[in-house]
Amino acid sequence: MKKIIAAALGALMFAASSAAEDAVIHAGYVLAKPGEGYLTRQTILVEDGRIVSITAGYSKPRDYTVINLRDAYLLPGLIDSHVHITGENGPDGRIKEFENSDVDTAFDGAAFALVTLKAGFTTVQDVGAPNDSIFGLRDAIARGAVAGPRLRASGASVAVTGGHGDINGYSARVMAAFTGANICNGADDCRRAVRQQIKEGADLIKITATGGVLSNTAAGLEQQFTDEELVAIVDAAHSMGRKVTAHAHGKSGVDAALRAGVDSIEHGTYLDAGSIALFRDNGATLVPTVLAGATVTGWTNEPWLPAASRAKAAEVGPLMIEMLRRAHEGGVNVAFGTDTGVSRHGDNAQEFALMVEAGFTPEEAIRSATVVAAEHLEMSDDIGTLETGKYADIIAVTTDPLKDIRALEKVAFVMKGGEVYKSGR
């Protein structure tokens, strides 16, 4: 199946971008290392998809095309650490899980990937999608057959029977037919599930440590794996060179996952002072996804959302801003992530304004989506800042995002690896 998807996606060539070419960029303002302020009046030399130099003043060191961004504000390509690139929630979301083949899902992902790239997100991490669809899409993007952000992917989430990440709310026969090898019970079985995901191509392991909002079950929002299962998962993943990230809302699951040694927590809604201490002690990262909370808050009266999910959305959604405020004040390491796919693809940058509302400065919020996210994704040697030797992943906006963070919702220029995918509004 994976080969079929890869072959199908190989036919989806992207004709609208310019071909990768060596270029000189004249940049008015460059936030080369978010957290250190702007460089002004800079020349950026790009060759073979990477930055060769950034020098003061406007010059033409090679006889290359000059890209005039003298009136613009340039930043490293943005990074979203939590997306679901192959789908988008809505009235037909649940039925499409059964109507779509893995090839259909991969093609949907290709379309959403292009939207995401044009929004200025040149790297994303997908943490929950069908294995064949997402790994085929990831590989097609990597070899240049499909236009999209650099993509890391967990594939299917490792989950417990009946928990968030399992299939819920259908007839027993349907659920039996669609239950995957990612579902596990007991420490040994959870080791097996982790190893299977790695065998099938996972860049990291995503687990659902607690209940979740959009699973159609009234199973709460607290811990779902046992402590022994969590330890086994982390041990199995780390022994094979993979990080573990845990979907977790309730404090019991957040704390248990951190004690077991997970590398990051997705959401973290009910974290408290004790949780914050565990984050700091373990060097773990929070991916807050406040945009998802804001989105589901608006769904509490939607008839297409199952009743169990509507109740959880009403409970969780309004709490996430204050969760992030507590984490920020407590010194938790925060990597930008949106849970896009819950919200609309291309709207990822709306998370920035929510972060500022939670107490981040604009530059701190940008740093979370560049420097911090690159470290979180284990890609800081290649992305996250604009420096010699790194990929020429460069975006530009027409107004200063340090004064108005919403400027990042209207990216005017996108370059990924030396290719221009957007130039002008």
Could you check whether [Y] and [X], counting side-chain N and O atoms only, form a donor-acceptor pair closer than 3.5 Å?
| X | Y | value |
| --- | --- | --- |
| Glu266 | His247 | no |
| His82 | Asp126 | no |
| Asn68 | His26 | no |

Centroid-centroid distance, His164 to His249, less than 6.0 Å: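 Judged by ring-centre distance (under 6.0 Å), His164 and His249 do not meet the cut-off.
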Residues in ring-ring contact (aromatic ring centres under 6.0 Å, His included) contact with His345, at least two apart in sequence or another chain: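 His345 satisfies ring-ring contact (aromatic ring centres under 6.0 Å, His included) with Phe112 once adjacent residues are dropped.
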Set of residues satisfying ring-ring contact (aromatic ring centres under 6.0 Å, His included) with respect to Tyr270, sequence neighbours excluded: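 If we apply the ring-ring contact (aromatic ring centres under 6.0 Å, His included) test to Tyr270, skipping adjacent residues, there are no hits.
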Leu69 and Leu74, any side-chain heavy atoms less than 4.5 Å apart: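 The answer is yes, as the side chains (C-beta and beyond) meet within the 4.5 Å cut-off.
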Val414 and Val420, any side-chain heavy atoms less than 4.5 Å apart: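 No - every pair of side-chain heavy atoms lies 4.5 Å or more apart.
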Criterion ring pair (Phe, Tyr, Trp, His ring centres under 6.0 Å) on Phe178 and Phe98, from CA distance to verdict: CA-CA 9 Å; Phe178 283 88; Phe98 303 101; 4.8 Å; yes
Parallel, tilted or perpendicular, as decided by the 30° and 60° cut-offs, for the rings of Phe121 and Phe352: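 Correct class here is parallel.
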Plane angle bin for Tyr29 and Tyr73 - parallel if under 30°, tilted between 30 and 60°, otherwise perpendicular: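 It falls in the parallel class, under 30°.
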Test side chain to side chain donor-acceptor pair (under 3.5 Å) applied to Asn168 and Ser215, step by step: CA-CA 7 Å; Asn168 293 291; Ser215 48; 5.1 Å; no
Check: Ala246 main-chain N/O paired with Lys206 side-chain donor or acceptor under 3.5 Å: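 Checking the backbone N and O of Ala246 against the side chain of Lys206, no donor-acceptor pair under 3.5 Å is found.
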Exam field: side chain Ser157 to backbone Ala159, donor-acceptor pair closer than 3.5 Å: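 Flag not set: sc Ser157 to bb Ala159 has no pair under 3.5 Å.
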Test log, rule salt bridge (Lys or Arg N to Asp or Glu O under 4.0 Å), inputs Arg367 and Glu364: CA-CA 5 Å; Arg367 184 176 170 82; Glu364 285 175 332; over 6 Å; no
Set of residues satisfying side-chain contact (heavy atoms from CB on, under 4.5 Å) with respect to Ala23, sequence neighbours excluded: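 Here the qualifying residues are Ile67.
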